[in-house]
Amino acid sequence: MPDPTRRRKRLGAQFARTVIMEAAASVFAQKGYHGATMDDIASASGYSPAAIYKYFKNKEELFRHLWNHMAEWFAGIFDEATGLRMPFEYRLQWLMNAILKQLESNPDMIVSFIAQRPYVSQSSQSELEAQA
């Protein structure tokens with residue numbers, strides 16, 4: 001039988017990482033990768049800088065997690081569109097609507113993903129693009 005305390009801690013950590021990544025996306029979208037600091041992200045997330053370092057080693061790792069999250073989302077949405085049994089033009093329309101919904105619900109995440117792409121380190125970029 002799973003330990004409920006351990007599960008709560010894991011869910012708490014997942015929640016914290018999500019909040020921090022969403023705050024980081026907003027800060028990266030506003031200030032750019034080089035202009036953003038861990039203190040800015042801490043302030044935007046409501047977590048202390050020490051708490052952020054508990055979940056992410058540094059700004060680059062946090063950005064890579066953000067990049068990976070969006071790359072996985074895009075890969076999943078493309079896979080879903082590919083599996084739809086409808087003419088190509090309707091699948092394309094479905095895909096564009098899904099991307100627009102994501103853009104409306106979390107514009108900073110997509111802006112950070114697209115606009116800050118050059119700041120993903122070359123080795124991380126190759127790895128993440130291979131996944132995408």
Side-chain angles (χ1 to χ4, degrees):
M1 185 166 186
D3 179 4
T5 304
R6 197 169 172 189
R7 184 172 189 276
R8 274 195 307 273
K9 284 182 181 179
R10 188 182 81 244
L11 291 176
Q14 288 173 343
F15 176 77
R17 289 173 72 85
T18 299
V19 168
I20 293 166
M21 284 176 36
E22 287 176 356
S26 180
V27 172
F28 289 137
Q30 292 169 13
K31 296 186 172 195
Y33 178 80
H34 290 298
T37 66
M38 290 298 266
D39 285 338
D40 294 332
I41 295 166
S43 178
S45 70
Y47 286 89
S48 69
I52 292 178
Y53 283 112
K54 177 181 173 185
Y55 300 106
F56 302 98
K57 183 172 67 174
N58 54 34
K59 182 172 75 170
E60 182 179 359
E61 181 182 80
L62 174 54
F63 187 77
R64 277 195 318 250
H65 278 274
L66 181 63
W67 173 273
N68 194 26
H69 173 76
M70 285 306 299
E72 287 174 3
W73 181 83
F74 271 109
I77 208 73
F78 277 100
D79 284 347
E80 197 171 339
T82 302
L84 295 174
R85 300 207 182 279
M86 57 179 72
F88 175 77
E89 66 188 73
Y90 293 117
R91 283 186 305 200
L92 184 59
Q93 185 177 17
W94 180 91
L95 179 65
M96 297 313 302
N97 285 332
I99 292 170
L100 285 173
K101 281 181 191 175
Q102 177 71 5
L103 183 58
E104 288 172 353
S105 68
N106 202 341
D108 292 339
M109 195 75 79
I110 290 191
V111 168
S112 293
F113 179 75
I114 295 170
Q116 303 303 315
R117 181 180 180 273
Y119 302 109
V120 177
S121 71
Q122 197 62 35
S123 61
S124 298
Q125 186 173 336
S126 300
E127 176 186 324
L128 295 172
E129 283 179 346
Q131 290 175 4

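- When all heavy atoms are compared, the tightest approach of Asn58 to Tyr53 is CA-CE2, 4.1 Å.
- Without hydrogens or angle criteria, Lys59 side chain to Ala36 main chain gives a donor-acceptor distance under 3.5 Å.
- Taking each heavy atom of Phe56 and Glu61 in turn, the nearest pair found is CA-OE1, 3.1 Å.
- A heavy-atom distance below 4.5 Å is found between the side chains of Phe28 and Ile41.
- In this structure the side chain of Lys54 never reaches within 4.5 angstrom of the side chain of Tyr47, judged on heavy atoms.
- In terms of heavy atoms, Ile52 sits closest to Ala42 at CD1-CA, 3.2 Å.
- To the nearest 0.5 Å, atom CG of residue Asn68 and atom CZ of residue Phe63 are 11.5 Å apart.
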Name the atoms and distances for all side-chain donor-acceptor pairs under 3.5 Å in residues 89-105, with sequence neighbours left out.
{"unit_1": "Asn97", "atom_1": "ND2", "unit_2": "Gln93", "atom_2": "O", "d": "3.3"}
{"unit_1": "Ser105", "atom_1": "OG", "unit_2": "Lys101", "atom_2": "O", "d": "3.2"}
{"unit_1": "Ser105", "atom_1": "OG", "unit_2": "Gln102", "atom_2": "O", "d": "3.2"}

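- To the nearest 0.5 angstrom, Phe15 atom CZ is 10.0 Å from Ile20 atom CD1.
- When all heavy atoms of Ala24 and Leu62 are compared, the pair lying nearest together is CB-CD2, 3.7 Å.
- Exactly one of His69, Glu22, His65 qualifies for a side chain to side chain contact (heavy atoms under 4.5 Å, CB included) with Arg17. That residue is His65.
- Judged by distance alone, the side chain of Thr18 and the main-chain N or O of Gln14 form a donor-acceptor pair under 3.5 Å.
- Looking at Ser26 and Gln30, their side chains do bring a donor and an acceptor atom within 3.5 Å of each other.
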Item checked: side chain to side chain contact (heavy atoms under 4.5 Å, CB included) between Lys31 and Thr37, intermediate numbers included -> CA-CA 9 Å; Lys31 296 186 172 195; Thr37 66; 5.9 Å; no
